2 protein chains.
Amino acid sequence: MDARALETLRTVGTQGGVTAAAAVLHLTPSAVSQQVALLQREVGVPLTGRVGRGLRLTPAGEALAEAAVDVAVALERARAACDEFLERPQGVVRVSAFQSGAQLLLPALLTRIEAIEGITLECTDEDVAQDDFVALTDRMDVVVAHRPDDGLGWAGGRAVRVVPLLREPLDVAVPHDHPLARRTEVRPEDLRDLPWIAVREGFPVATVLGAVGARSGSAPRIVHRVNDFHVVEALVEAGHGVSLLPRYTFGGGARVRLVPLVGVRAGRRIDALLRRDRAERLVVRRVLDELRALAVDIDTA
Amino acid sequence: MDARALETLRTVGTQGGVTAAAAVLHLTPSAVSQQVALLQREVGVPLTGRVGRGLRLTPAGEALAEAAVDVAVALERARAACDEFLERPQGVVRVSAFQSGAQLLLPALLTRIEAIEGITLECTDEDVAQDDFVALTDRMDVVVAHRPDDGLGWAGGRAVRVVPLLREPLDVAVPHDHPLARRTEVRPEDLRDLPWIAVREGFPVATVLGAVGARSGSAPRIVHRVNDFHVVEALVEAGHGVSLLPRYTFGGGARVRLVPLVGVRAGRRIDALLRRDRAERLVVRRVLDELRALAVDIDTA
DNA sequence: CGTGACGATGTAGCGTTGCTGCATGGATGC
DNA sequence: GCATCCATGCAGCAACGCTACATCGTCACG
């Protein structure tokens, strides 16, 4: 029973297909298919079943993939056991973050890590839909993800560890000459009939605006759907609508005001997502520690 | 980090050398040496150190070998997870037992297992010194071993599981025409100055006779050292001395009497020894269950 | 104190494994 | 019904891991 093959099976499960798994593992679909076939012959139970033109794990396959998590954890723990005998943790850690989270956290994280000899950070910004954050953990060591404050958790199951970093309030962004700009706070009722700039459906915090609308009594009038907060800011600045912007991330252009929203729970939670096996790596734990400390700094600032 | 290489390292540790490990793994010493060297390069810490012409694990090596246990366990658990989806457990299980234990347990175990479709038992009798039973677990799935009743446990550490099977009293074997033969029980004092037939030094239950001697006040006079109980029986029968024989195992030739010994704790414990990873295998667990049930039958008979 | 034996470890050579590239077959959607 | 996408089988090739042999160091014995 090859640990590598188990890892492959697991990836086929999480990525939902041979081709996707192959991309993550830097292999050809053929290689992945062969590994799974070999594993299947070894255990004597069908592990995958065709569904349409795709492929899904059978219950046996799921069980094996589940067990594969523990194998991966044990292997990483073994490596960590040796690293304890090295003076300092070393290696490269791949960190991904959604755009605004990257802007908020990655620069400071990099300076913190730079001070530590031997750790190399490979950063990426990944803007994916809410449901796709978990799948990123196959490619990345640490995935900084966000979700609505009221939302449920992440659907990674036992295989991914969720580390809460901070809660960031969402404020109402209005042009500096807008009637609401001088207010110290606004309530949902104040926002009725305003033109909204929202994020695209399915993306994190898309649901928050809906909650605000429900609280105000009428569905918000969405005039644009823009994911990049800088573009949003530019649009708000030019008077094309109002929006919800995360408080800490917002750069603070003078021509856009952020007004706290009260009377409704408007915020996002920023979490670090990582596979349990990756979490065993000493360097990863070190980076994660820095990330948590950094989040605390921001939260208490 | 290759699970196979970890297994190899572990075997080098338990077997105490490259050559011995190679024999167990059915490899050449060169292959074992290369695997360890590769592992060492990967982790960047020395795992082995020369001691004399031999070789021992460094602390880092010990730590890694320890962690390797969990890897092996996780792998076997993965296999077991699939086997759950097969109707019946199947596979071959290698069982070893010391001579008299084999005689006592293996025939009945085989008949029990024969009733189960798909399980094949490969039995061996292995007469080794007390300290060498644990090392057998590398080659065998289940090792039936024995130790003095008062002795300490087994020195396998976290890696081997010890399953107690039964306690067998050691009786005094005398010729049928010996003065003690008509007694219903004897005390240590009664045994003073008798000629003893003992097992070779270092072999299990060798220490028991010493305890009996200590209790009687004078060291026993050992005239022969014979390991095989049948030979012992023949010697006793011919009047060449008395001995201690296990009660259940003793065939009961009419010309030799077993007399219970009171006033001193004379017995041996029969345990099943197996590596924790092997213990995860479904078939192994099944065989072990039968073995335990069998032992209970004997104990209560 | 030299000699023989044993044990670990390099090196050369070879077989096997596992990969890529391409072709095929099945299922979907426009 | 055709184009597309996906999984899979097959041929070829590279790389890995094994064996066999040689070497070096250490220990026992004369």
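Naming convention: chains lettered A, B, ... in sequence-line order (proteins, then strands); numbering from 1 in each chain. Quantities reported herein were computed from a predicted structural model and do not represent experimental measurements.
Rounded to an integer number of Å, the gap from CG of A:Leu47 to C1' of D:dA7 is 15 Å. One interatomic measurement links the two molecules: CZ of A:Arg56 to P of D:dC6, which rounds to 15 Å at whole-angstrom precision. At whole-Å resolution of the value, CG in B:Asp2 and C1' in D:dC18 are 14 Å apart. One atom, CZ of A:Arg41, and another, C1' of C:dG18, lie 14 Å apart when rounded to the nearest Å. The separation between B:Leu25 atom CG and D:dC18 atom P is 10 Å, rounded to whole Å. With rounding to whole Å, A:Leu38 atom CG is found 10 Å from C:dT17 atom C1'. The interatomic distance linking A:Leu27 (CG) with D:dA15 (C1') rounds to 15 Å, in whole Å. Across the protein-nucleic acid pair, B:Leu55 atom CG and D:dC27 atom C1' stand 16 Å apart, rounded to whole Å.
The shortest non-hydrogen separation linking A:Gly156 to A:Val134 is CA-CG1, 3.9 Å.
The base of C:dT11 sits within donor-acceptor range of the side chain of B:Gln34, with an N or O pair under 3.5 Å. With hydrogens and angles ignored, no donor-acceptor pair under 3.5 angstrom links the side chain of B:Ser33 to the base of C:dG10.
A donor-acceptor pair shorter than 3.5 Å cannot be found between the side chains of A:Ser96 and A:Glu126.
Ring planes of B:His146 and B:Phe98: parallel class, angle under 30° (limits at 30 and 60°).
OP1 or OP2 of C:dC19 sits under 4.0 Å from a side-chain N or O of A:Arg4. Remark: B:Thr28 is in phosphate contact with D:dT19, judged by side-chain N or O atoms under 4.0 Å from OP1 or OP2. For the pair A:Thr19 and D:dA7, the criterion of a side-chain N or O lying under 4.0 Å from OP1 or OP2 is met.
Residue whose closest nucleotide on DNA chain D sits further toward the 5' end, between A:Val36 and A:Arg53: A:Arg53. Nearest-nucleotide mapping onto DNA chain C: of A:Arg50 and B:Gly17, the residue sitting toward the 5' end is B:Gly17.
Residue A:Gln35 is classed as a sugar-phosphate contact, given heavy-atom separations below 4.0 Å to backbone atoms only.
In this structure, B:Arg4 does not pair ionically with B:Asp2, as no charged nitrogen and carboxylate oxygen lie closer than 4.0 Å. A salt bridge is defined here as a Lys NZ or Arg NE, NH1 or NH2 lying under 4.0 Å from an Asp or Glu carboxylate O, and A:Arg79 with A:Asp277 fails to meet this definition.
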